Amino acid sequence: MSFFPANNYNLAATLASGQAFRWYPNVQGAWEGVIGREFLMLRQQPNGIEAHSSNANPNSSAIQHYLQTDIDIDAITATFPNDPPMQAAIAACRGLRLLRQDPWECLASFILSSTKQIVQIQQIVGALCECYGEEISMAAVCPCSNNSLRFAFPSAAKLASLSEPQLRSCKMGFRAPYLLKTARLISSGELDLESLRKMKTPEARETLCTLPGVGEKIANCVLLFAYGFQDAFPVDVWVQKAIRQLYFPKRKPSAKRLKHFVQTHFGPNAGYAQQYLFHYMRTQRL
DNA sequence: GACCAGGACCATT
DNA sequence: AATGGTCATGGT
């Protein structure tokens with residue numbers, strides 16, 4: 001067992017807010033999931049996160065980085081605009097963090113996300129891991145609330161070696177050719193996901209958008225959830241509903257006007273604010 | 001049984 | 001530039 005101190009960490013909101021798709025609550029109220037090649041059971045504690053790992057020697061720095069336990073979340077939410085909708089979202093999601101995920105897993109997962117509900121994305125990703133991911137060696141803990149958690153997320157090289165029908169067997173439908181082509185571009189080195197780290201947001205976004213199946217929305221998700229570009233602002237149907245319903249209740253803003261609004265209204269951590277709005281809308285059923 | 005889901009892409013206007 | 005249809009699958 002290891003412990004990661006954190007101030008004001010909301011584990012449930014963080015893991016269930018649709019940024020990552022491999023976390024499941026178990027019957028004891030802990031969260032089971034996979035980071036890299038490590039199966040983990042995480043439990044909320046008053047002053048941090050308790051972790052049980054499948055590894056004899058847990059990769060503590062990787063876990064802390066993924067969970068972002070060290071950041072000052074109150075300093076971030078303090079930069080959000082002081083308007084009623086945003087303050088309501090902060091109150092409803094207090095302690096919600098943005099994760100810092102592996103770029104490939106995040107990219108592949110969000111290619112599979114288009115016009116799918118979060119539960120279905122979890123099912124597709126789970127099937128993909130069970131079929132094509134490497135088995136995790138379970139030295140220390142015995143799961144599993146979900147069998148797919150016994151497998152790592154498949155590498156780009158592994159998926160690149162498959163056929164489109166093999167991918168379709170994981171129920172991803174028309175997204176299969178997108179994922180396959182992107183996996184081949186990544187594994188061939190034609191696009192280096194690490195090279196994005198030293199780019200500024202617009203250039204990194206344009207680079208991701210050259211990949212098949214990746215448009216502005218999915219690119220923004222990857223920039224925000226994997227790389228930590230906190231000005232990336234994904235607009236999906238929920239966030240669109242939040243903006244229109246909470247900020248423009250009467251008139252219907254054009255797409256252009258709406259885009260300008262989200263780029264100017266939410267401050268230096270706009271992407272973070274977006275995640276609060278997203279989770280707020282989904283949990284409050286507004 | 002409709003309706004919709006953390007969209008992208010291509011063909012029309 | 002801006003809409004509209006299409007893609008595959010399953011939850012609500």
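Bear in mind the structure is a predicted one, so any value in this text is a computation, not a measurement. Letters A, B, ... mirror the listed sequences (proteins, then strands); counts begin at 1. Both backbone and side-chain heavy atoms feed into the values below; hydrogens, waters and symmetry mates do not.
Across the C1' atoms, C:dC7 and B:dA5 are found 14 Å apart, a figure rounded to whole Å. For the P atoms, the distance linking C:dG4 with B:dC4 amounts to 15 Å, nearest Å. The same atom, C1', is picked in C:dA8 and in B:dC3; the two are 16 Å apart, to the nearest Å. The same atom, C1', is picked in B:dG1 and in C:dG10; the two are 14 Å apart, to the nearest Å.
Base-pairing analysis of DNA chain C finds the following stems of at least three consecutive Watson-Crick or G-U pairs, with both pairing distances under 3.5 Å: B:2-5 with C:9-12, B:7-13 with C:1-7.
Within the nucleic acid shown, A:Phe21 has no heavy atom closer than 4.0 Å to any nucleic acid atom. Residue A:Gln122 is out of contact with every strand shown, counting any heavy-atom pair closer than 4.0 Å. A:Ser17 comes within 4.0 angstrom of a base, heavy atoms only. Among the protein residues, A:Gln240 comes within range of no part of the nucleic acid, since none of its heavy atoms lies under 4.0 Å from any strand.
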Using a cutoff of under 3.5 Å, can you pull out all pairs of nitrogen or oxygen atoms linking the protein to nucleotides 1-5 of chain B, with atom names and distances?
residue, atom, partner, partner atom, Å
B:dA5, O3', A:Lys116, O, 2.9
B:dA5, O3', A:Gln117, N, 3.3
B:dA5, N3, A:Thr115, O, 3.1

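A:Asn55 and A:Ser53 form no side-chain donor-acceptor contact under 3.5 Å, judged by distance and modelled atom types alone.
Residues from residues 200-221 of chain A placing a heavy atom under 4.0 Å of any atom in DNA chain B, listed by number, are A:Leu211, A:Pro212, A:Gly213, A:Val214, A:Gly215, A:Glu216, A:Lys217, A:Ile218.
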